[in-house]
Amino acid sequence: MELRDETGGIVDLVRYRISVAKQDIADGKLLLENNSLLSANNRIYYAMFHAINAVHGMDGNGYKRHKDAIAKFNEVYR
């Protein structure tokens, strides 16, 4: 599935996805510091998903389903 932002800019889309991943990491750290391990794990998982989708975004692609994003990442980058 090809995705673009409102202006059609791939760079903006990739930057946005990286920003979301960084925020997920920050949230995960806060949760970990407060001993909320399951929630911290969830935020870090989503950080990885958003980071993988940022990589896909460099080709103008993106995936809503995690299994599709992971499978394509493994296919192309492994």
Side-chain angles (χ1 to χ4, degrees):
M1 168 196 311
E2 186 173 316
L3 293 178
R4 294 185 187 263
D5 64 5
E6 307 81 53
T7 62
I10 296 294
V11 172
D12 290 336
L13 178 61
V14 171
R15 284 183 179 152
Y16 170 74
R17 289 177 179 169
I18 290 171
S19 173
V20 172
K22 286 180 177 180
Q23 184 61 57
D24 286 337
I25 291 169
D27 292 346
K29 286 179 180 180
L30 288 172
L31 290 163
L32 184 61
E33 289 168 1
N34 288 286
N35 293 318
S36 185
L37 302 181
L38 289 175
S39 295
N41 182 62
N42 176 273
R43 286 298 89 205
I44 298 305
Y45 175 87
Y46 272 92
M48 291 186 295
F49 171 71
H50 290 121
I52 286 172
N53 251 344
V55 172
H56 289 311
M58 292 188 299
D59 296 326
N61 297 315
Y63 301 90
K64 290 182 181 180
R65 296 183 340 173
H66 295 208
K67 71 176 193 169
D68 295 337
I70 294 166
K72 189 64 174 181
F73 185 87
N74 286 335
E75 177 186 318
V76 175
Y77 298 102
R78 204 166 202 204

I want to check something: taking the side chain as every heavy atom from C-beta on, are Glu33 and Leu30 in contact at a cut-off of under 4.5 Å? yes
If you take all heavy atoms of Arg17 and Asn53, which pair is closest and at what distance? NH1-O, 2.7 Å
Quick check for you: to the nearest 0.5 Å, what is the distance between Asn41 atom CG and Ser36 atom OG? 10.5 Å
Could you report the tightest heavy-atom contact between Phe49 and Tyr63, atom names first, then the distance? CZ-O, 3.3 Å
Return the minimal non-hydrogen interatomic distance between Ala51 and Ala21, and the atom names on each side. N-CB, 4.0 Å
More than 12 heavy atoms from other groups under 6.0 Å of OH on Tyr16: no
ILVMFWY cluster, Ile52 and Val76 together (side-chain gap under 4.5 Å): yes
Over all heavy atoms of both residues, which pair between Ile10 and Gly57 is shortest? Give the atoms and the distance, please. CG2-O, 3.0 Å
Could you tell me whether Arg43 and Asp27 have a side-chain N and a carboxylate O separated by less than 4.0 Å? no
With hydrophobic residues grouped by side-chain heavy-atom distances under 4.5 Å, do Tyr77 and Val14 end up in a single group? yes
Between His66 and Tyr46, is the ring centre distance below 6.0 Å? yes
Nearest 0.5 Å please: distance from the CG atom of Asn34 over to the NZ atom of Lys29. 14.5 Å
Which is it for Lys72 and Asn61 under the side-chain contact (heavy atoms from CB on, under 4.5 Å) test, yes or no, and what are the steps along the way? CA-CA 10 Å; Lys72 189 64 174 181; Asn61 297 315; 5.8 Å; no
Rounded to the nearest 0.5 Å, what separates atom CD1 in Ile70 from atom CZ in Arg65? 11.5 Å
Linking I/L/V/M/F/W/Y whenever their side-chain heavy atoms sit closer than 4.5 Å, directly or via other members, would Ile18 and Val55 fall into one cluster? yes
Between Leu32 and Leu37, is the side-chain contact (heavy atoms from CB on, under 4.5 Å) condition met? List the steps. CA-CA 6 Å; Leu32 184 61; Leu37 302 181; 3.5 Å; yes
